[in-house]
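What you see below is based on every heavy atom in this structure, not just the backbone, and it leaves out hydrogens, waters and symmetry mates. Chain letters run A, B, ... following the sequence lines, proteins first, then strands; residues in each count from 1.
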Number of protein chains: 2
Amino acid sequence: MSISLGKGRPREAGRGIPDATVARLPVYHRVLVSLSEAGVQTVSSEALAAKCGVSSAKFRKDLSYLGSYGTRGVGYDVSYLTYHISRELGSAQPWGVVIVGIGNLGRALISYRGFTSRGFAIVGLVDNHPDVVGESITLSELGNLVALKVRPLVELETIVGATKAQIGVIATPADCAQGVCERLVASGIRSILNFAPVVLEVPNGVEVRKVDLAVELQILAFHEQRRGYEPEAMNA
Amino acid sequence: MSISLGKGRPREAGRGIPDATVARLPVYHRVLVSLSEAGVQTVSSEALAAKCGVSSAKFRKDLSYLGSYGTRGVGYDVSYLTYHISRELGSAQPWGVVIVGIGNLGRALISYRGFTSRGFAIVGLVDNHPDVVGESITLSELGNLVALKVRPLVELETIVGATKAQIGVIATPADCAQGVCERLVASGIRSILNFAPVVLEVPNGVEVRKVDLAVELQILAFHEQRRGYEPEAMNA
DNA sequence: TCAACTTTGTGAAGTCGGGAACTAACGCCT
DNA sequence: AGGCGTTAGTTCCCGACTTCACAAAGTTGA
């Protein structure tokens, strides 16, 4: 969790939501949307928390940081709560996302359904490889299909400026990542999602979140190995 | 972090490494390997921690859970430390991984370099779509290239049994995920990495780690929005 | 060999997040 | 209208992680 801002801040006056809570809000949001699609109108903290995989106490405490949007004795109105969580998350306004690196991972992100439904619009595709540059990729934006051409890396700054993108996604090989990162920052991007297995160096005020696919596997392997020593210890 | 085991465990007797530390070990490992490839033989906690994006105190405390592998006044021997971390992570023995869902994301995982180098071997590819089943996919395993055929979903149990895979990766659409998960568990898999945006229900003793691409973006968007209220507050 | 310097490993304090229990508010039923 | 059951919001406490600071240990130079 590489955050330069907001870590040591003393949670000033009401607003100021713990990182742990922020990380769970998207899950609550997603489950609420699926409930809404199923026609559910009201839900209790107990039921909703179970579907989100957290305890009801934790869920209620998380929501208490946002405000009081429930009704005692009843529960939460699904659409009302959905609205307030999405408002808090900033999903109300669409965020412009530029994806750098149109390999398999980049394409997976592009075709990821529910990407646009959660308030993100892919406004730029950038790659360096001549085979990929110029390719036209179809993506769904706000319901209708739009074709977007892959642009060469040299146009990165132009694209970010023209589209006013706020978020950059790095889906390149590891050795390109730092260079791409610096150019994103120079273009004015302050929020970066990095899939490359490197630790990016960024100036203050820029937030980087990192997803390393292999790291997650390694954590699983650690627990798997540890379990081997005490084969059947779970009889709770 | 949906772990059913090992959360409330009272850190018995010396061995027992905090989850937060385990999550950082793979990063240390990766940076150490890259240092080794660069010809570096010795490194101090200060220098290494900086490259990993953590404080040196945290780094040293993390390592102290593994043992005393440093030399005071000098630092750490890169290869010696690399060995002990990889041993602790279980990277010494290769783990068999089955990937279910050979879409863009599945292919991204297959072509992810450094996958095999970190002790994982992809031993099975499974999909449901007739266009994909039977396709032969080339992947590098322990240096040399191997072709693996995509098998139909009905053979999932057979494949897991025959290959003795320990880890399952779910890279399917959301609506298939729970079903695939249950079949993985029934086949004997106890470690699952889930990319589908659903909360999986698993019996006790099965560990699920979850990666949701959109969730990470939403967390970024939250901070981006929050920053909008106090435009230039970072003047440290 | 000894002293000065460097760097590790660890003890202790401080901070953050989770869990349980309590209180207060709301709807419903009589 | 009033009591009863249900459920949200909050408070307190405890455990875990982080940070700071120091002491122990090893190296290097004279």
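For the pair B:Gly70 and A:Ser55, both in contact range of DNA chain C, the more 5′-proximal nearest nucleotide belongs to B:Gly70.
For B:Ala20, counting side-chain heavy atoms from C-beta on, the closest listed nucleotide (D:dA8, D:dT18, D:dT27) is D:dT18.
Atom C1' of nucleotide D:dT10 and atom CG of A:Leu66 are separated by 15 Å, given to the nearest angstrom. Atom OH of A:Tyr69 and atom P of C:dA25 are 19 Å apart (whole Å). Between the C1' atom of D:dC14 and the NZ atom of A:Lys61 lies a distance of 11 Å, rounded to the nearest Å. Taking atom CZ of B:Arg24 as the reference point, atom P of D:dC17 lies 9 Å away to the nearest angstrom. Following rounding to the nearest Å, B:Lys58 (NZ) and C:dC16 (P) show an atom-to-atom distance of 13 Å. Taking atom CG of B:Leu81 as the reference point, atom P of C:dG9 lies 9 Å away to the nearest angstrom.
Neither OP1 nor OP2 of C:dC26 sits under 4.0 Å from any side-chain N or O of A:Thr71. OP1 or OP2 of C:dG9 sits under 4.0 Å from a side-chain N or O of B:Tyr76.
At a cut-off of 3.5 angstrom, the base of C:dT7 holds no donor-acceptor pair with the side chain of B:Arg72.
Counting heavy atoms from C-beta on, the side chains of A:Val185 and A:Pro203 come closer than 4.5 Å.
Between B:Glu201 and A:Lys51, no side-chain nitrogen of the basic residue sits less than 4.0 Å from a carboxylate oxygen of the acidic one, so the salt-bridge criterion is not met.
The two residues A:Ile170 and A:Leu200 have their closest heavy-atom pair at CD1-CD1, 3.9 Å.
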